[in-house]
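Residue numbering restarts at 1 for every chain, and letters A, B, ... go by the order of the sequence lines. Everything numeric here is computed off the predicted structure, so don't read it as measured data.
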Amino acid sequence: MAVDVLSVKGGLLLLPEMVLLTGILALFFITNLGDAKIRIPLTRLRIPALLGGNRFKWNSDPRIPGVVTIFTLIFAIGMLLQSLGDDCADIMQGFCSETTILTTTGNNPVHLMKLDSFSRLFELMFFLTLLLVSAASINRLQADSNPSNDDLEQLLDNRRQVDFYLLILISGLGMTIVAMSMNLFVLFVGLELASLPIYVMVAFHKETKAGSEAGVKYFITGAISSAVGLYGMSLLYLWSGSLQLTVLEAAWSAMETPEALPLFGISLLLVGFGFKISAVPFHFVAPDAYAGASSPVAALLATASKTLGFIGLMRILMIITLPETGDTAVWMFAFGILSVVTMTWGNLAALGSENPKRMLAYSSVAHAGYMMAALVAVAAWRSGSFAETNNNGIMAAELIVGAVIFHLFVLISFKIGAFMVISHLETESDVKDMSSLHGLAKREPIIATSMFVFMLALAGVPPLAGFMSKFLMVTGIVQVASADVLVNTNVDLVPTILGMHWTFFLAIAIFINSAISLYYYLRIGVLMFFEESSTRLPLPKVSTLRFVIFVCAIGTIFFGISSDWLVDSVTNAASALFTDS
Amino acid sequence: MAENKTKLNDGMYVIGGLFIAISVLMFASPNMPSMENDWVTLPLIGLPILGSLLLMGFASAVPAWRKESISETIKYASLGIALIVLIITTLMMTDILMNVHWANITFNQYMYEVEYNWINSIGAEWHVGIDGLSMPMVWLTALLVPITIITTWNEKKPWYYHPLLILMGGCLIGVFVSLDFFMFYVFWELTLVPMFFLILNWGGKERKYAAQKFFIYTFTASILMLLGIITLYLLQDPSTANASITGRTFDMHDMIQNAQEQVILGNIWLGAGVQKLLFVLFMAGFLVKLPVVPFHTWLPDAHVQAPTGGSMLLAGVMLKMGAYGMFRIPISMFPHALVEFQMALMIIGMISLFYGAWVCLGQTNLKRMVAYSSVSHMGIILLGIASLQPLGFAGAIFMMFAHGLISPMLFGVAGAFKHHYHTLEIGSMRGMAKHSPWLAGNMMFSWMASLGLPLLAGFVAEVAVLVALWFEFGWWVIIPGITLAITAAYYLWSMQRTIFEGGEKTEPPKSLGDEKPRDIALSENIGLISLAILIVIFGIFPFIFFEMISGYSSELIKQMLMDEIIGRW
């Protein structure tokens with residue numbers, strides 16, 4: 001089904017985004033309502049102007065913006081599920097019929113966005129992430145509900161609340177656009193709309209030098225990498241004359257031998273996304289940014305921002321550059337090596353880091369490596385060096401991409417959870433090194449247990465959610481790698497191993513790296529349970545933050561032992577990605 | 001502020017959350033099956049795991065200054081749960097619960113078998129069943145948990161300690177009854193968590209190092225096994241009959257059946273090379289767990305640092321997970337590879353057996369000596385497997401069971417010694433028999449049992465394995481023979497130095513300071529003596545389990561290995 005973007009139907013399809021826009025406007029107005037009055041000239045009549053003046057009592061609470069944001073996001077999720085109900089065959093299975101949104105200026109319709117299981121699932125992920133982050137931020141940003149009017153600092157703190165939540169909602173809008181985009185231009189606009197607020201949010205922690213430094217570093221690197229990516233897009237446009245993914249795909253498969261121009265364009269584009277997912281040559285800024293930003297923002301960086309990069313990678317690599325037959329996908333070897341370097345570097349650096357936020361940052365680099373390895377395996381399958389038996393090929397590719405999406409989804413539970421625990425520690429004092437975690441179990445047994453659950457999930461210990469995602473990825477990789485071996489059953493041990501496709505060693509690299517990573521994840525547990533802390537007092541009670549931590553812990557366990565519908569949804573999303581539009 | 005009004009403790013949140021989560025899972029799941037005739041899922045696995053989580057949640061909800069007052073309640077509740085599990089497993093051996101005739105079941109046929117859908121999309125099921133191999137192990141686990149609870153009744157922080165023990169028991173039973181690879185792996189890894197905490201929280205001075213070494217060694221080995229599981233999973237033919245997205249299942253029963261069909265047709269299931277690859281991957285996981293000599297170094301550290309209860313369960317049941325896994329997966333599924341690797345297994349077994357015993361001679365630490373003797377005895381299990389004889393298999397399985405009775409007693413005694421004399425040095429005291437007659441008696445009995453005294457359980461297993469070895473390898477049997485002599489030597493030597501020597505002029509160890517040497521407490525005595533009685537019973541009447549075991553192993557050989565073995569001649 002194709003719908004024009006300016007029609008009523010198009011507007012209805014974009015209801016969640018409309019809700020976000022409304023929320024942004026509401027944030028503007030609600031926080032600016034006041035008792036200012038206008039005198040009508042020449043009379044004594046004063047009518048309330050509503051905007052300006054002293055704020056009313058009900059909207060002077062500094063937590064109002066956060067509450068508005070939360071309700072907006074909940075409403076947006078509701079609208080999303082509602083629109084799922086409209087054109088989705090089965091809500092529980094997450095299977096939606098496709099709708100292409102296009103614009104018909106001129107004769108050729110231009111595909112802008114596509115609504116399908118893939119984009120809907122990612123929208124859901126983004127909304128959930130933002131919901132958790134904004135819920136956790138309510139008690140985290142400095143605010144005073146009874147400011148004395150002459151204290152400018154306090155007043156500014158309260159005004160800053162609005163800025164923060166505005167940034168959250170605007171970046172949410174950008175993220176949903178990225179999830180739906182079928183056009184490089186729309187993709188870029190969405191990416192920038194999502195990224196610019198995030199740059200500001202990283203620097204939002206302005207009380208510390210580290211925060212400002214992190215913001216500037218992150219902004220400069222991010223700006224340069226998106227400029228490079230933009231240049232790549234322009235080269236692609238120069239080559240094919242279109243920015244639509246479908247047209248680019250057709251042009252790519254029509255290409256007989258690899259041409260320099262599109263290859264160069266694609267590799268520049270990969271630089272831009274490589275920064276977003278913090279793959280190895282571009283990962284240097286990640287630890288600084290995570291450590292400098294406040295923990296909820298760092299959680300956003302580690303999940304939503306990374307997901308943005310992976311959507312881009314999937315769109316570019318899986319749609320454009322995967323030839324149906326024939327040539328190998330040219331980026332495969334480089335990407336395979338990069339993935340191994342990324343995961344190893346991330347894990348080794350995490351082994352040595354003493355700051356828990358830096359450690360989580362490096363662990364997030366390592367996780368990016370795992371997911372990159374999975375994408376390489378898809379390319380290996382499509383490169384055509386395998387006999388496709390039993391029509392397994394498409395199943396394998398869907399399985400792998402589905403596993404990556406699954407991982408991105410469950411990261412919401414345990415990565416955010418881990419950052420929230422650190423955020424909870426920050427309510428007491430700054431978290432500079434591991435000593436803040438010492439003896440947490442004696443002070444806060446449940447928080448410490450949740451943190452341990454998050455760490456085990458990150459390490460991939462069953463039956464937690466992290467295990468399921470790693471399992472699905474490795475299953476996909478091994479399935480692709482062992483396709484040849486399946487055919488010849490009567491070879492000996494060594495030829496069997498040598499007969500495996502080289503992507504099999506990516507699976508082994510993932511295993512070895514999991515074993516390495518176990519050490520630093522376990523170390524957190526050891527520190528929390530068996531080190532003595534200087535105090536036995538519990539942490540300050542921060543109700544929403546604790547609630548978020550509990551929700552994350554329950555999600556981590558739940559998606560590990562009962563991940564049926566999620567696996568179905570991600571597989572549908574993956575097959576929607578591969579469906580030609 | 002809302003958060004100030006409600007002062008509900010987080011622990012109550014967790015208990016409530018657990019209840020809600022379980023009930024939602026129960027009722028929201030559209031095809032929740034009925035649990036009739038299911039004597040495994042809830043009674044043996046669900047009860048200990050959920051029970052311990054509830055007890056620990058309850059304990060964490062109680063403020064620190066009141067924890068002492070609830071400790072007795074929690075101890076008795078844990079003991080009660082453990083005893084319920086023991087009673088149910090004991091009934092399972094008889095034909096009271098269901099009409100079971102253990103002697104009549106053939107290979108790959110299971111009693112109390114139930115199957116539920118779990119994660120449909122990848123084909124993982126909740127599939128449990130018990131056969132002649134798992135029944136002794138399940139019963140052993142169910143028996144050791146209450147005995148461990150009684151023996152270490154007075155451990156520090158009982159409100160977490162005793163629930164952890166029953167959690168451990170539940171996870172271990174989960175390993176022994178699961179007939180689905182996914183479920184098997186989940187429980188396999190889950191057992192690490194309570195043991196990790198037991199070592200870390202109640203262990204000795206070097207406990208952090210030991211616990212992390214233990215966790216990393218076994219976790220690394222088991223991810224090799226996971227690679228094997230995934231490869232095996234993918235090597236099945238996908239069929240549309242399965243609802244999973246890959247068209248495959250994790251069902252062990254089906255896989256063994258496929259292997260069996262190929263054996264009957266005279267083929268090699270999956271081909272020789274793949275069988276070898278899988279055999280190596282699985283064995284890597286199991287050999288580290290067992291452990292055998294190049295990979296054994298985690299064991300002495302873990303044992304020396306672990307608390308008494310932890311090492312009782314570790315040596316008693318956790319090591320057997322390795323041997324159990326070998327029988328359940330590589331031996332039942334890859335007979336061709338097993339025959340190919342027979343000599344390798346035999347040599348590894350011999351080295352383990354001999355090296356373990358040899359190192360024992362030089363140990364001065366009591367627990368370290370007992371740990372190395374465990375390595376040595378695990379070598380006997382491997383030799384039993386390598387013999388490829390029905391008697392050898394049966395001997396190996398019975399060794400798993402007998403060592404599961406003897407080694408907890410060894411560690412229980414060593415722990416009691418440490419508890420009352422504050423040292424583990426073997427030569428540090430003389431003439432314990434005078435000061436602590438009960439401890440000395442228990443110690444002597446356990447050492448006698450471990451060195452293989454006739455009429456005790458260990459002897460039966462050793463004789464069976466040695467006879468099978470003689471049939472298979474001839475004069476190679478001399479090496480185990482010499483090793484048994486070494487075993488006797490190190491035990492007798494330590495016995496002389498610790499228990500008897502000194503006569504009237506006994507000297508208590510210096511670590512005791514001014515304290516007077518005491519004898520062991522009643523609770524310790526009950527635990528240890530009940531183990532001793534069982535060791536005698538199973539030494540004199542081994543057929544209680546031996547029939548079940550030899551039925552299993554002869555069926556295994558007949559169904560899977562006969563062609564391979566005959567083909568070799």
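At a 4.5 Å heavy-atom cutoff, the contact between A:I508 and chain B is made by side-chain atoms alone.
Between A:F452 and B:F197, the gap from one ring centroid to the other is short of 6.0 Å.
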Between A:E531 and B:K208, is a side chain to side chain contact (heavy atoms under 4.5 Å, CB included) present by the stated rule, with each step listed? CA-CA 10 Å; A:E531 286 288 343; B:K208 280 177 203 160; 3.2 Å; yes

Does A:L522 form a side chain to side chain contact (heavy atoms under 4.5 Å, CB included) with B:F215? I'd like the steps, not just the answer. CA-CA 9 Å; A:L522 274 188; B:F215 203 105; 3.5 Å; yes

Side chain to side chain contact (heavy atoms under 4.5 Å, CB included), that's the test. Do A:Y519 and B:I216 meet it? Break it down for me.
CA-CA 7 Å; A:Y519 177 79; B:I216 289 173; 3.7 Å; yes

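Here B:I229 contributes atom CD1 and A:T475 contributes atom OG1; the two are 10.5 Å apart, rounded to the nearest 0.5 Å. Atom CD1 of B:I230 sits about 11.0 Å away from atom CE of A:M473, to the nearest 0.5 Å. For the atom pair CG (B:L227) and CZ (A:F511), the distance works out to 4.5 Å, reported to the nearest 0.5 Å. Distance check: B:T220 OG1 to A:L518 CG gives 7.0 Å after rounding to the nearest 0.5 Å.
With respect to chain A, the highest number of heavy-atom pairs below 4.5 Å among B:L190, B:L226, B:V193, B:L192 belongs to B:L226. Your options are B:F187, B:F279, B:F219, B:W188, and the one with the most heavy-atom pairs under 4.5 Å with chain A is B:F219.
Between A:F471 and B:Y233, the ring-plane angle classifies as tilted under the 30° and 60° cut-offs.
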